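Remarks on the structure that follows.
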Amino acid sequence: MANVIVIGAQWGDEGKGKITDLLSRSADVVVRYQGGVNAGHTIVVNGQTFKLHLIPSGILYPNTECMIGCGTVIDPQVLIKELDQLEALGISTRNLLISETAHVTMPYHRLIDQASEERRGSYKIGTTGRGIGPTYADKSERTGIRVLDLMNPEGLREQLEWTINYKNVILEKLYNLPLLDPKQVIDEYLGYAERLRPYVVDTSLKIYDAIQRRRNILFEGAQGTLLDLDHGTYPYVTSSNPVAGGACVGTGLGPTMIDRVIGIAKAYTTRVGEGPFPTEIGGEMGEVLCTRGAEFGTTTGRRRRCGWFDAVIGRYAVRINGMDCLAITKLDVLDELEQIQVCVAYEIDGERSEHFPSNARKFAQCRPIYKTMPGWKTSTSDCRTLEELPKQALDYLKFLAELTEVPIAIVSLGASRDQTIIVEDPIHGPKRGLLYQDGTPASLLSA
């Protein structure tokens, strides 16, 4: 039995959907623990593409139980659309469970999110406009609507009549927007409640029961470490905690019950939205990575900014999350390059630093210090073992493992499930020292 957290080690969009889908083969339960419909996971199975925003990736396995934890904020309209789409494709959703204490995104959350971002002008954060920040704000303000409130029609009517009238003042006076009709919103959400009612349970209790029965549990986060509200590049962050500690808070699970943490990182780096990005590449090379990597957001379709692999934020993500190993994705995107740059440190105020600065202004001033690696100029998409990789590709992976100070357990070489090299099984390995021998990373570093 193993309880495993899957974490994005960069700014999100690292390919967590595919890796979670792969690991779900060994999982009995998959739990989503934070974020909302601002996240998107793309999974390709037998040539068919699935785009999920709220439902955990494990739903594609008929015998895997999937849960949406209390740390997630749920837009019922989007969730029901996902349920309908999966059912239409022949994917059963009978194994899905929804936390009764998860907070609900309402129409006023979306309106306020979009209007607020527009008002920021040149200071915009880059939000998706899906109402996630305002939903979490209401949660902290203790005026939020929870899933269990949806299940109580009379209580919901009373709560929403007051809340919508209050939000209408903000919409009208602050943003000059039309007023919401309380009755219309209440009736709409009561309809959602009836559709979702069969899925609603105390997921914290269900997770604990699964642990008692020694079942394998996979905890799936959204976004990435550098978008964490407390540990990311604030203020250009999300409104929740994607880091490993967020999995405990967002599911109601004690930290002593976690066995290991797996980080997901691209073989290069991408970022969506605003904020500093030291290794960002402009011009033709940035366009090459964007095109070859199909770097467009699952949720918004926005073009992702592309850059070289940043080992400084890699080491930071390992430290903040207590990662045991990494999965490196999209190695194949680099196949045609003559040379590849890797950021090994920053220059800050004329001095070399190998540590991520918590000061946002300093981070914006960081200049990357690069080491140039030779490219391999051949396709890796059909490789299924380390031995099949070109020497330069293997050397590149070894270098990333050395810089981040954790071993690499998985290498992804394309969107499909089978385009993967499994170096070691990160779920059934030892609790600590995964892939290590006498303190030295084995497998890749000694390959």
Side-chain angles (χ1 to χ4, degrees), residues 6-23 39-44 221-227 232-233 242 262-273 275 277-281 285-299 302-318 321 323 325-337 340-344 356 368 370 373 375-376 380-381 383 389 393-394 396-401 403-404 406-416 419-421 423 444:
V6 177
I7 297 291
Q10 295 163 326
W11 275 285
D13 308 307
E14 301 96 346
K16 294 185 295 298
K18 174 183 173 176
I19 302 303
T20 303
D21 172 62
L22 282 170
L23 297 176
H41 288 167
T42 300
I43 304 164
V44 179
Q223 288 89 35
T225 299
L226 274 294
L227 292 178
T233 51
I262 302 170
I264 317 296
K266 280 178 183 166
Y268 49 102
T269 309
T270 61
R271 179 170 196 173
V272 172
F277 184 0
T279 67
E280 184 172 11
I281 311 169
M285 183 57 69
E287 198 61 39
V288 167
L289 291 180
C290 182
T291 302
R292 284 186 52 81
E295 296 298 353
F296 298 92
T298 302
T299 299
R302 287 183 295 179
R303 184 187 188 279
R304 295 172 184 145
R305 300 155 63 190
C306 297
W308 299 117
F309 188 90
D310 189 331
V312 179
I313 66 171
R315 285 190 296 270
Y316 176 72
V318 167
N321 294 290
M323 290 179 186
C325 63
L326 281 173
I328 297 295
T329 64
K330 294 197 173 184
L331 182 69
D332 57 300
V333 173
L334 306 180
D335 283 351
E336 296 180 2
L337 304 187
I340 302 166
Q341 303 271 59
V342 179
C343 173
V344 297
F356 173 77
Y370 287 117
M373 301 287 290
W376 39 96
T380 59
S381 60
C383 296
L389 287 174
L394 190 57
Y396 181 71
L397 291 171
K398 290 178 182 180
F399 189 53
L400 300 190
L403 287 172
T404 55
V406 286
I408 296 171
I410 298 172
V411 182
S412 174
L413 303 156
S416 297
Q419 291 181 298
T420 312
I421 298 173
V423 183
L444 282 176

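Bear in mind that the values here come from a model prediction, so they are computed numbers and not experimental data.
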request  = Quick one: list whatever passes side-chain hydrogen bond (donor to acceptor under 3.5 Å, both in side chains) with W308, sequence neighbours left out.
outcome  = none
request  = Applying side-chain hydrogen bond (donor to acceptor under 3.5 Å, both in side chains), name anything that partners S381, two or more places apart in sequence or on another chain.
outcome  = S379
key: Over all atoms of both residues, closest heavy-atom pair of L337 and V288   = CD2-CG1, 4.3 Å
task = Please identify each residue that fulfils side-chain hydrogen bond (donor to acceptor under 3.5 Å, both in side chains) with T269, with sequence neighbours left out.
result = none
request  = Look only at the side chain of E280 and the backbone of P278, and say whether a donor-acceptor pair between them is shorter than 3.5 Å.
outcome  = no
task = Output all residues satisfying ring pair (Phe, Tyr, Trp, His ring centres under 6.0 Å) with F277, sequence neighbours left out; order by chain, then residue number.
result = W11
ask   = Just by distance, do the side chain of R305 and the backbone of R271 share a donor-acceptor pair under 3.5 Å?
value = no
Those residues that, when tested against R315, pass salt bridge (charged side-chain N to carboxylate O under 4.0 Å, His left out) (two or more places apart) = none
remark   = Rounding to 0.5 Å, atoms OG1 (T279) and CD (Q10) come to a distance of 8.5 Å
request  = Calculate, to the nearest 0.5 Å, the distance between atoms CD and CZ belonging to E287 and R292 respectively.
outcome  = 13.5 Å
query = Who pairs with D310 by salt bridge (charged side-chain N to carboxylate O under 4.0 Å, His left out), at least two apart in sequence or on another chain?
reply = none
message = I'd like to check the side chain to side chain contact (heavy atoms under 4.5 Å, CB included) partners of E295; sequence neighbours left out, ordered by chain and number.
response = K266, Y268, T270, C290, R304, C306, K330
message = So, using side-chain hydrogen bond (donor to acceptor under 3.5 Å, both in side chains) as the criterion, who are the partners of Q341 when residues are at least two apart?
response = T372
note = Value for CG (L326) from OG1 (T404), rounded to nearest 0.5 Å, stands at 5.0 Å
query = At their closest point, which heavy atom of K16 faces which heavy atom of I7, and how far apart are they?
reply = CD-C, 4.1 Å
task = Would you name the heavy atoms of M285 and I281 that are closest together and state the gap between them?
result = CB-CG2, 3.7 Å
ask   = Roughly how far, to the nearest 0.5 Å, is the CG atom of L413 from the CD1 atom of I421?
value = 5.0 Å
message = For a quick check under 3.5 Å, do K18 and S412 share a side-chain donor-acceptor pair by atom type?
response = yes
key: Minimum heavy-atom distance between I408 and I410, given as atom pair plus value   = CG2-O, 3.4 Å
task = Could you pull out all residues at least two apart from A267 that satisfy side chain to side chain contact (heavy atoms under 4.5 Å, CB included)?
result = I328, L331, L334, Y396
query = Closest approach of E14 and T329, non-hydrogen atoms and distance?
reply = O-OG1, 2.6 Å
note = Between the CG atom in L394 and the CG atom in L389, the distance rounded to the nearest 0.5 Å is 6.0 Å
remark   = dist I340:CD1 -> D335:CG (nearest 0.5 Å) comes out at 8.5 Å
inquiry  = Which heavy atom of A317 sits nearest to which heavy atom of A9, and what is that distance?
reply    = CB-O, 3.5 Å
